[in-house]
Structure formats: C-alpha cells, structure tokens
Undergrad: 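Before I ask anything, let me first share the structure, which is written out below as structure tokens.
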Amino acid sequence: MSKRIIPLIMCGGAGTRLWPSSREGRPKQFLPLFGARSTFQDTILRISDPELFDRPIVITSEAYRFMVREQLAEIDCEADILLEPARRDSGPAIAAGAAFAASRDEGAVVLALAADHVVRDVPAFVAACRAGLVEANAGHIVTFGVTPERPAIEYGYISPGDGLSGEVKRVASFVEKPDLEIATRYVEAGYLWNSGNFMFRASILLDEYRSVDAESVETISKAVKNAGRDLGFFTLDPDAFKAARAISIDYAVMEKTAKAAVVPVSCGWSDVGSWLAVWELSDKDAQGNAAQGIAVFEDAHNCHVASDGPVVALEGVEDLVVVATQDAVLVSRQKDANNLKRLVAKLKTAAPRVTADHLTTHRPWGSVQALEDGERYQVKRLVVRAGERMSLQMHHHRSEHWIIVRGTAKVTLNDDVKMMHENESIYIPMGMTHRLENAGKIPLELIEVQTGSYLGDDDIVRIEDDYKRS
C-alpha cells in the first residue's frame, strides 16, 4: 500500500470561459489570475508537502508540454509529465493517470485534481485529503464535496448518505446542475457542490471503470504500457489511447459505482468558471470594484477590470466586466457571464485568430510578440531564455533583419558563427540557413523584421531542432 498520495494534475483543458485572457494556445490554468502565479502553479504547490504527497503526475497535451515544464521550473518543482495524443475527456485521462501511477507503485493512492481550480484555505484542503485517504485506502473512490456558500446553478451537487469514518460519508446520489429554485432546496437539504476532484486507489478506479467499459480500460492500459519517452516527457501510445471512448469520469465511473464516498470540505474552493467567479475571488474597493492592471473608477460599482496593458476607465456604470488584452476587449454584464461560451462560438467564425492565441505566443525556447502586420512585412519581438536556442532553419519566401535590444546572441549563418550584443543588427537573406541562441545569462530580446511575398509560419523549414518539431 502506498504510504503517500500521488497527485494527478489534469492540465490539458483549453476552455475559453475566461476569454479573451484564456485562449486555446494559453488556457486559464496557465494564467496569473490572482497574483504572480498561475492556478496550475498554485495547484502544484498545494500538494508539495513531501510527508503526505509523492512526486506528482501532470497529464496534458503536446501543445502545452513546454509550458508545463517552464511553469514547474519557475516554482522549483518537478513532476512526471504524461502527454495525451488526443482529448478524450476526463474519464480516459484519469484512467491513464491511474495506470501510470500503478506502474510506479502497485498500491498507489491517487489524488486527481483539476489544474485550474482555486483553493483559498490550503490547510483545510490538506485536512480533507488526510480524511479522504483513510477511505481511499479502504477501497472507496472519494470525491470532495464543497460546503455551498450560496445556491449555485453552475455546479453539480452531491447528496451525502450514511457515515463511513470521521466526516466521510457514502454518496447517496449525484445530481446535475439545477436551476436556482432547486439549488436553494439542495443547499437547505445539506447537499454539497461537486468539485470534480477525486482520491482513490489506482487499482480500484481501474476495476470500477473496467466493469462498465472494459474495452476502453484495456486500450488505455495499453497506451500507458507502450508509452514512449521524448525529451523527458512520457508519450501515451496514440493509436491505443485514441481508441478509448471519450467520456467524463462522472459518467464513466462515479455515477455507476457503489464505492463512491464524499468528504465535506470548506476551503474557499472555486473552479473559476467565469469572470464573475474571478471578481468574487478578487480584492475589491469600497464600491465593490476589482482590478488586475491599471483601472480608474468614477461612480462605478461592483465592476471588474482585467487589463494586460491599456488603462481602463469606467464611469457611471455598475455590474460590468471589462477585459482588455493586446488585441481584444470584452465588455459584459457580470450576471450574464455564462453567455460568454455562445459569444466565443460566434467569434470562432467571425474572428477565429482571437480565440486561438494571443499576440504574444509561447515557444519552447521563449516567446514571440507580434508588433506590426503589414503588406509584405511583419515586425515581432522575440525573447529567448538563457541557455535556449531556436531551430536551425531557412525560409523560401522571406528575409529577416534582427536587432538585438538586450542580452548576448550567438548567431549561425550557413557555416559562419558570430556573437552579437545590444544595439547590433544582422540581415538574413531568403534561403540562408540560420539559428539564434542565447549565449548569455539573462533573457535575450530582439526585434525581428520580416519581409517577403509570404510570411506564414509554415515557411519555416527546420533542419535541426532541440524540441523535435517537424
């Protein structure tokens, strides 16, 4: 039997409920919504007590693997990073994590947590983990039922049944998201919010899953058994994993098993599912206004501003959320926060780029910020982290001009290598093989001017690449 809990952090979601800050290329779990750290980083730190928790497993997609590694390094933490070759919802993801944990420890007890949730009272959360561990070891699949702070319509509910040990009880039933009237009755009856986080022995979870969908468990187990290694990541076998049925863990297991238990917890939990939830969790002024970034309020009440740069000024309004990024602005009523999903669906047709990524995009070696996009030219700001380098590459349709503004660059042009420093520039003609490397100890920053008949990223011909991109 495992002496410590193995955390399994679910980090592959690409939700857009916090658009325009959250986008497919950088979803909300990687955003610093409430300070300097992301919710993913806070989740990792929440389970960092080595006396209770073992080395975590992070399951994510290939698109986010370098982002995960970078954010782990920023908080000086490590994890086994498991890559899903395709999204199959939480059921196959948790089953794969359980099978991987069992390969590390046959008696593994797993704590499956979403990477994008907020917990304000960490000691209360850890106490709930200790309480749930008793019943997880006893063979129950334990879910964490949050004591409601209000009749919420955005959460499912759990009806607790008979007691098991301490405050842990059997689950009498799971119920779907209700309307306000029914939610009020649930709260009065002692129902709990369903947090979607679970603790279980890996073998028990897989047995219960197998009893209702043996074929999916078999192919998921095969995907783990045949997993490869790539740059330190564990890569699930794609053919086997894609054969699993896409389904949530609630529908696959929790609503069918007789082994479900619930530990009640009051820990300031939120799934941060809307800008209204962000406002509720944020510090506010005397008029109820909250701000991330620079905001000025005059005769404004219960408003929320989040800005990546532009100054936002609100006057004579109330109950508004205003989110300003480099390339998009959202203005919405707080109470209509759940309509954002429909709005983003329309944007995917009208302006798909602003739902896919920001003007500043993540790269495994650093970041790229689009500054100007004109006819036959583009201007970008590149940041290369210390010790990293771009691929050795060439272009058929464009030339580039690099101006170093900070740091020290090692530049390869065909067979020539030269060092460059601040205020120096270099021209890379079309068709020339080139590479840029940060040769210093601080971030390397440069301005790149591209000119040519075609400027798409698919004109990058990679000859060598440390990150094995095609």
Undergrad: Flag the pair Arg4 / Leu52 as yes when at least one side-chain heavy-atom distance between them is below 4.5 Å, and no otherwise.
TA: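 Contact flag for Arg4/Leu52 side chains = no.
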
Undergrad: Between the side chains of Ser61 and Glu84, does any donor sit under 3.5 Å from an acceptor?
TA: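 Judged by distance alone, the side chains do not pair up.
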
Undergrad: Do Lys177 and Glu154 touch side chain to side chain, with heavy atoms closer than 4.5 Å?
TA: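 No, every pair of side-chain atoms sits at 4.5 Å or beyond.
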
Undergrad: Distance to the ring centre below 6.0 angstrom and angle to the axis at most 45 degrees; does that hold for Arg69 and Phe233?
TA: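 Positive - Arg69 is close enough to the ring of Phe233 and near enough to its axis.
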
Undergrad: Check Gln334, Gln292, Glu280, Lys284 against His304 for a side chain to side chain donor-acceptor pair (under 3.5 Å) and give me the one that passes.
TA: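 In the set Gln334, Gln292, Glu280, Lys284, the residue that makes a side chain to side chain donor-acceptor pair (under 3.5 Å) with His304 is Gln292.
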
Undergrad: Judged by modelled atom types alone, do Arg46 and Ser48 share a side-chain donor-acceptor pair under 3.5 Å?
TA: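 No, no side-chain donor-acceptor pair sits under 3.5 Å.
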
Undergrad: Cut-off 3.5 Å, side chains only: do Glu318 and His301 have a donor facing an acceptor?
TA: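 No.
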
Undergrad: Could you tell me if the side chain of Ser274 sits less than 4.5 Å from the side chain of Arg17, heavy atoms only?
TA: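 They are not in side-chain contact.
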
Undergrad: As a quick check of understanding, evaluate side-chain contact (heavy atoms from CB on, under 4.5 Å) for Leu371 and Ile447, giving each step before the final call.
TA: CA-CA 9 Å; Leu371 301 177; Ile447 301 299; 4.0 Å; yes

Undergrad: Do we see a donor-acceptor contact under 3.5 Å between the side chains of Glu372 and Gln378?
TA: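 There is no such pair between these side chains.
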
Undergrad: Please tell me whether Tyr186 and Trp193 form a close aromatic pair, meaning their ring centres lie under 6.0 Å apart.
TA: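 Tyr186 vs Trp193: aromatic centres not under 6.0 Å.
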
Undergrad: Going by atom types alone, do Ser38 and Gln71 pair a side-chain donor with an acceptor below 3.5 Å?
TA: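 Result is yes, a qualifying pair exists.
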
Undergrad: Establish, from distance only, whether the side-chain atoms of Tyr377 and Asp373 form a donor-acceptor pair under 3.5 Å.
TA: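 Side chains of Tyr377 and Asp373: no pair found under 3.5 Å.
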
Undergrad: Side chains of Thr16 and Glu24: donor-acceptor distance under 3.5 Å anywhere?
TA: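 No.
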
Undergrad: Any side-chain donor-acceptor pair under 3.5 Å between His401 and Gln450?
TA: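 Judged by distance alone, the side chains do not pair up.
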
Undergrad: Could you check whether atom CD of Glu167 has more than 12 heavy atoms from other residues, nucleotides or ligands sitting under 6.0 Å from it?
TA: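 It does not: Glu167 CD has 12 such atoms or fewer within range.
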
Undergrad: Counting only heavy atoms not in Arg406 (residues, nucleotides, ligands), do more than 12 fall under 6.0 Å from its CZ?
TA: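 For Arg406, atom CZ is crowded (more than 12 foreign heavy atoms under 6.0 Å).
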
Undergrad: Please verify the inter-ring angle class for Phe66 with Tyr467; under 30° counts as parallel, over 60° as perpendicular, anything in between as tilted.
TA: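 Geometry flag for Tyr467 against Phe66: perpendicular rings.
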
